[in-house]
There are 2 protein chains.
Amino acid sequence: MQKIHNLSKNQKIIFDLIDKSGGPMKAYSILFNVQKKGIKAPLQVYRALDKLVEIGKIHKIESRNAFIACQNSSCQVSKATAFSICESCENVSEISNSKLSKYLSNFSDNSGMKYSKYNLEFFGLCKKCKSK
Amino acid sequence: MQKIHNLSKNQKIIFDLIDKSGGPMKAYSILFNVQKKGIKAPLQVYRALDKLVEIGKIHKIESRNAFIACQNSSCQVSKATAFSICESCENVSEISNSKLSKYLSNFSDNSGMKYSKYNLEFFGLCKKCKSK
DNA sequence: TAACAGTATGTAATAATATAACATTTACAA
DNA sequence: TTGTAAATGTTATATTATTACATACTGTTA
Ligand SMILES: [Zn+2]
Ligand SMILES: [Zn+2]
Ligand SMILES: [Zn+2]
Ligand SMILES: [Zn+2]
């Protein structure tokens, strides 16, 4: 049973923008794009982003300081994320591979640490960029 | 056969500082600490950090915007990194687990993408923080 | 309904992280 | 010694993110 999150006005504006863009967006680029909708300040953007990340509607691509809509319908909370990133064209996609996620979710070592969350970023060249 | 990198003056000062600290350090904290050694500007720090990352002497903890000395003697180039991060005390350690690194280095999916690099960050509570 | 708590918003200022541009110097091999 | 790559120094600026404070909205319960 999972909680339904009704997005607030600003959250919805910002989620829709990121979702429609189809790729990662940076916070100040988001800000620029939503100013005509009345969102004027960085903090308004960051607050919405924080919430959207918290509920798993978007993820932060840490190596790029950018935010992407969740492409994995089962990813309700951002506790186990994996991305592939093309170092040439900067295309990003969310990897949804159940073997990988099982392997990582069950990973443990002898450090005595209990892992509750992970983020994995793969880098390389995408199909298009490889063939250039 | 691997290339020996002789660190330059600034690179050595900054690597030694990070290495001795035993944990992740942020760029401006590094700057503050090396000002007495004549390194006065952010760019001097970032240039040394870039080089040290490139040759694998340090790694960037992306989720924390911080830099840590490589704790894995065999990690000459930063192409395959994994860390465990305590969300309470912010302790970070580099995971060196050959099964994990083999699994990730060999990972491929049907995206047609060839992965040449990855970075994985695990989050949780360390032993000490768990028992509090 | 009224009171309350939790969440969201608005606004200004500022902090923290990182890079651009340009001039100069050093290391080192051909 | 001369060419070249790497490193340094310096100033300014760009980019990313948070603090602080005031106000408003949403839903629950007395
Ligand atoms: Zn997702
Ligand atoms: Zn590409
Ligand atoms: Zn390492
Ligand atoms: Zn801890």
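Just so we're on the same page: letters track the sequence lines, and every chain starts at 1.
Summary for the helix from C/dT1-D/dA30 to C/dA30-D/dT1: the axes at its two ends, each from 5 pairs, differ by 30° when rounded to the nearest 10 degrees.
Looking at residues two or more places apart in sequence or on another chain, you find a side-chain hydrogen bond (donor to acceptor under 3.5 Å, both in side chains) between A/Tyr115 and A/Asp109. Among residues two or more places apart in sequence or in another chain, the salt bridge (charged side-chain N to carboxylate O under 4.0 Å, His left out) test is passed with A/Lys12 by A/Asp16. Scanning for side-chain hydrogen bond (donor to acceptor under 3.5 Å, both in side chains) contacts around A/Ser93 gives A/Ser84, with sequence neighbours left out. Partners of B/Tyr103 under the side chain to side chain contact (heavy atoms under 4.5 Å, CB included) rule, at least two apart in sequence or in another chain, are A/Lys99, A/Leu100, A/Tyr103. Partners of A/Glu90 by side-chain hydrogen bond (donor to acceptor under 3.5 Å, both in side chains), not counting sequence neighbours, listed by chain and number: A/Arg64.
Apart from B/Ile68 itself, the hydrophobic cluster it occupies contains B/Ile61, B/Phe83, B/Ile85, B/Val92, B/Phe123, where clustering links Ile, Leu, Val, Met, Phe, Trp and Tyr at side-chain heavy-atom distances under 4.5 Å. Hydrophobic side-chain contacts under 4.5 Å tie A/Leu125 to no other Ile, Leu, Val, Met, Phe, Trp or Tyr residue.
Residues in residues 9-30 of chain B take part in no ring-ring contact (aromatic ring centres under 6.0 Å, His included) pair, two or more places apart or across chains.
Between A/Tyr46 and D/dA17 there is a side-chain N or O to OP1 or OP2 distance below 4.0 Å.
Judged purely by atom type and a 3.5 angstrom limit, B/Glu54 has no side-chain atom pairing as donor or acceptor with the backbone of B/Lys51. Between the side chain of B/Ser29 and the backbone N or O of B/Met25, no donor-acceptor pair lies under 3.5 Å.
Distance, A/Lys37 NZ to C/dT9 P: 14 Å, rounded to whole Å. In this structure, CG of B/Asp50 is placed 16 Å from P of C/dT17, rounded to the nearest angstrom. Here the P atom of nucleotide C/dT7 and the CG atom of A/Leu7 are 15 Å apart, to the nearest Å.
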Check against side chain to side chain donor-acceptor pair (under 3.5 Å), A/Ser63 and B/Glu62: CA-CA 6 Å; A/Ser63 66; B/Glu62 293 286 358; 5.4 Å; no
Can you name the atoms? Protein N/O to nucleotides 6-10 of chain D N/O, anything below 3.5 Å, with the distance.
{"from": "D/dA7", "atom 1": "OP1", "to": "B/Gln11", "atom 2": "NE2", "distance (Å)": "3.4"}
{"from": "D/dA7", "atom 1": "O3'", "to": "B/Ser8", "atom 2": "OG", "distance (Å)": "3.1"}
{"from": "D/dT8", "atom 1": "OP1", "to": "B/Ser8", "atom 2": "OG", "distance (Å)": "2.8"}
{"from": "D/dT8", "atom 1": "OP1", "to": "B/Lys9", "atom 2": "N", "distance (Å)": "3.4"}
{"from": "D/dT8", "atom 1": "OP1", "to": "B/Asn10", "atom 2": "N", "distance (Å)": "2.9"}
{"from": "D/dT8", "atom 1": "OP2", "to": "B/Ser8", "atom 2": "OG", "distance (Å)": "3.4"}
{"from": "D/dT8", "atom 1": "O4", "to": "B/Arg47", "atom 2": "NH1", "distance (Å)": "3.4"}
{"from": "D/dG9", "atom 1": "OP2", "to": "B/Asn10", "atom 2": "ND2", "distance (Å)": "3.1"}
{"from": "D/dG9", "atom 1": "OP2", "to": "B/Gln44", "atom 2": "NE2", "distance (Å)": "2.5"}
{"from": "D/dG9", "atom 1": "O5'", "to": "B/Gln44", "atom 2": "NE2", "distance (Å)": "3.4"}
{"from": "D/dG9", "atom 1": "N7", "to": "B/Arg47", "atom 2": "NH2", "distance (Å)": "2.5"}
{"from": "D/dG9", "atom 1": "O6", "to": "B/Arg47", "atom 2": "NH1", "distance (Å)": "3.0"}
{"from": "D/dG9", "atom 1": "O6", "to": "B/Arg47", "atom 2": "NH2", "distance (Å)": "3.4"}

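Between the side chains of B/Asn33 and B/Gln35, not a single donor N or O lies within less than 3.5 Å of an accepting N or O.
Less than 4.0 Å separates DNA chain C from no heavy atom of any residue of residues 20-34 of chain A. The stretch residues 60-68 of chain A touches DNA chain D through A/Lys60, A/Asn65, each having a heavy atom within less than 4.0 Å of the strand.
Salt-bridge check for B/Lys117 with A/Glu121: failed, with every basic side-chain N at 4.0 Å or more from each acidic carboxylate O.
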